[in-house]
Chemist: 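Questions regarding the structure given below will be posed in turn.
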Amino acid sequence: MASSLLVIMAACGGCRFFVLTLRTLSGTSRSASLCTLPSTTHRTLSTSVRTYSLDPFPSGSRKTPAQVGKPEWISPSSGGVQRNLSAVAVPLQGQFRPLCRYDPLDLGDVDENTQKALACKHLRRFIVNPSLARIVTDHLAGDIDDGKAVIFECNPGPGVLTRSLLNRGAQRVVALESDANFLPELKDLEQKLEGQLDVVHCDFFKLDPIGHGSMKPPAMYSEKLFSDLAISEVPWSADVPVKIVGIFSQRNEKNIMWKLIYNLFERRSIFRYGRVELIMFISQKEYTKLVTRPRDYKNYQAFTVLWQMACDIELLHEEPLSSFLTVTKNSGRPSSKNTQSQSDNLCLVRITPREDLFNSHLTPLNGSTLVLMVKQCLAKRKSRLIEQINSWSPGSGSELISKLSFLDDTMTGDVYPDEFKRLFELMEQSGSFTQSWLYEETLETTNTGHA
């Protein structure tokens, strides 16, 4: 008579026991206990592949090995329990298997991803190498594990980094894709993940265009984007609500960063919703300007001062430009031209708005005034600061220079970002500045101006 033997092993404290079940083809079975089964609160069936719980415990009363990580996430705003978004909806006794452990998404290979990216007909850079996607994801490991912020990915294209973030356990990723060619595959992935991924036809770099009224995607107002995603405003002192990941466009990189800095100081657009963090690849040229110190009169610019004043800036990684796929504007072919002056690295940079940026003297209402003050000061970086102050309010230069403990021959390019902020606060307190110097320039300045 043919038969099969099923061995069940369990443990409780220091006691181990086996239960043998012999099943015959006729359908009868006999069981024998190798030791008396003690009273136990947890039994498991162990295989060489996974471990599953056999006990119908109430939800939340224990964690099995299959739940290591974060089985549930409590939303601080709603107080409601949400299913762990790093899990795929594969129910097992009312639980879910972590995607990053058991069902990793396929990142494809370089050739396959390159062919997908070539569907783009605009000048753009892509991450097509799974190894590079994993490097970026590793730098975001702490952000993902923290799980408090939503991750916006700008222009994911074929979605290599998107899948890598999901595999790592990102609780919520919002893919903002400007090119409709990439939407079908991203949408298909969205439908499989039940809430872990949102795909939006949107160009992040063109959010909040000038004007009013309805518009057609990928153009979009940030108010609609955040509303559709059910992301609410939080106080400036709260935790970072959104982290934006991507690659700045090489075509208008600096213009985009100027637009962002104006929005930041005025708490408009994305910064209306809190201290939104940028984790972006930027050119080495612009990164150098971003972190330059005073007395480097070539690179120390208003752009530098304002970003350093407003944000903590951290270099996470440098990657050769050759690691990215650059697609030309019309042909859809990879570009072999090197359009960057500093050969060849893109810098992954974390830019986090400072919690203490605003105070009683610097507010979103006068933030643009500070921006224009810094731009005027650094238009000529080797001019004396006292002369610049006197041009705004004759006779006030000496008093303010003294309060700042500067020498009379201090040049504008010698002043640190926090000292510019202090200068502005003193000007606001003094009452001697009518700001007539500002109004004339305001009429001629746009939010994408250079300095």
Side-chain angles (χ1 to χ4, degrees), residues 75-78 143 146 148-155 172-178 198 200-215 217-246 248-249 252 255-280 303 306-313 349-372 374 421 424 428 442 445-449:
S75 170
S77 60
S78 66
D143 307 274
D146 179 64
K148 294 180 180 179
V150 180
I151 296 176
F152 282 14
E153 185 188 359
C154 303
N155 285 338
R172 189 181 184 190
V173 176
V174 177
L176 304 178
E177 178 53 58
S178 61
D198 293 290
V200 183
H201 189 196
C202 171
D203 188 341
F204 170 78
F205 303 114
K206 294 182 179 179
L207 275 179
D208 300 308
I210 297 175
H212 300 281
S214 60
M215 60 183 62
M220 185 176 290
Y221 292 120
S222 58
E223 182 177 4
K224 174 173 172 53
L225 174 63
F226 279 72
S227 175
D228 289 350
L229 295 170
I231 299 175
S232 303
E233 298 178 34
V234 298
W236 192 255
S237 57
D239 290 331
V240 170
V242 173
K243 297 174 185 284
I244 298 173
V245 180
F248 276 120
S249 168
N252 54 356
N255 280 348
I256 293 168
M257 295 192 72
W258 265 112
K259 179 179 178 180
L260 287 169
I261 200 65
Y262 267 98
N263 287 337
L264 196 162
F265 273 96
E266 296 178 354
R267 278 209 66 180
R268 292 190 292 108
S269 189
I270 60 173
F271 298 107
R272 169 184 169 185
Y273 297 87
R275 294 186 300 119
V276 173
E277 184 175 86
L278 305 173
I279 306 175
M280 302 289 291
F303 174 88
L306 293 166
W307 276 110
Q308 291 185 22
M309 183 190 301
C311 301
D312 293 317
I313 301 170
V349 182
R350 182 191 300 274
I351 303 175
T352 310
R354 299 182 191 275
E355 186 177 340
D356 63 354
L357 173 62
F358 298 108
N359 53 41
S360 59
H361 302 296
L362 174 60
T363 71
L365 296 177
N366 63 10
S368 61
T369 306
L370 181 144
V371 172
L372 294 176
V374 172
K421 184 179 179 182
F424 178 77
E428 286 288 299
T442 301
T445 304
T446 68
N447 284 359
T448 57

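Residue numbers start at 1 and run along the sequence shown.
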Chemist: In a check of ring pair (Phe, Tyr, Trp, His ring centres under 6.0 Å) between Phe152 and each of Phe204, Tyr273, Phe205, Phe226, which one passes?
Modeler: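 One option only clears the test, and that one is Phe226.
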Chemist: Quick check for you: to the nearest 0.5 Å, what is the distance between Ser249 atom OG and Asn155 atom CG?
Modeler: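 The OG atom of Ser249 sits 9.0 Å away from the CG atom of Asn155.
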Chemist: Would a 4.5 Å heavy-atom cut-off, applied to side chains only, mark Arg172 and Ile231 as touching?
Modeler: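 Touching, per the 4.5 Å side-chain cut-off.
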Chemist: Shortest non-hydrogen contact from Ile244 to Met280?
Modeler: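 That would be O-SD, 3.7 Å.
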Chemist: Checking side-chain contact (heavy atoms from CB on, under 4.5 Å) between Val174 and each of Asp228, Val242, Val150, which is the one that passes?
Modeler: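 So, applying the side-chain contact (heavy atoms from CB on, under 4.5 Å) to Val174 and each of Asp228, Val242, Val150, only Val150 qualifies.
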Chemist: Students often mix this up, so state it plainly: with edges at 30° and 60°, are the rings of Phe303 and Trp307 parallel, tilted or perpendicular?
Modeler: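 The arrangement is perpendicular - the two ring planes meet at more than 60°.
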Chemist: Taking the side chain as every heavy atom from C-beta outward, state whether Met309 and Phe265 have any pair of such atoms under 4.5 Å apart.
Modeler: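 A side-chain contact under 4.5 Å exists here.
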Chemist: Once you round to the nearest 0.5 Å, how far does CG of Leu264 lie from CG of Leu306?
Modeler: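 One finds 10.0 Å between CG of Leu264 and CG of Leu306.
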Chemist: For a quick test of reading the model, state the closest non-hydrogen atom pair linking Glu266 to Pro364 and the distance between them.
Modeler: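 Shortest heavy-atom contact: O-CB, 3.6 Å.
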Chemist: With rounding to the nearest 0.5 angstrom, report the CG to CG distance, Asn263 to Leu207.
Modeler: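 If we round to the nearest 0.5 Å, Asn263:CG and Leu207:CG are 9.5 Å apart.
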Chemist: Could you grab the distance from atom SG of Cys154 to atom CD of Glu177, nearest 0.5 Å is fine?
Modeler: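 Separation between the atoms: 10.0 Å.
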Chemist: Heavy-atom distance under 4.5 Å between the side chains of Pro353 and Trp236, does that happen here?
Modeler: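 A side-chain contact exists here, since the closest heavy-atom pair is under 4.5 Å.
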Chemist: Keeping the roles fixed (side chain from Arg275, backbone from Arg354), state whether a donor-acceptor pair exists under 3.5 Å.
Modeler: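 No; zero donor-acceptor contacts below 3.5 Å.
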Chemist: Go through the steps for Asp143 and Arg350 under the test salt bridge (charged side-chain N to carboxylate O under 4.0 Å, His left out), then give the verdict.
Modeler: CA-CA 11 Å; Asp143 307 274; Arg350 182 191 300 274; 2.8 Å; yes
Chemist: Search all heavy atoms of Val240 against all heavy atoms of Glu277 and return the closest pair with its distance.
Modeler: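 Distance-wise, the nearest heavy atoms are CG1-CB, 3.7 Å.
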Chemist: Would you say that more than 12 heavy atoms from the other residues, nucleotides or ligands in this model lie under 6.0 Å from the CD of Glu223, or not?
Modeler: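 Result for CD/Glu223: open.
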Chemist: Heavy atoms only: give me the nearest Lys259-Asp208 pair and the separation to one decimal.
Modeler: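 Looking at all heavy atoms of both residues, the closest pair is NZ-O, 3.8 Å.
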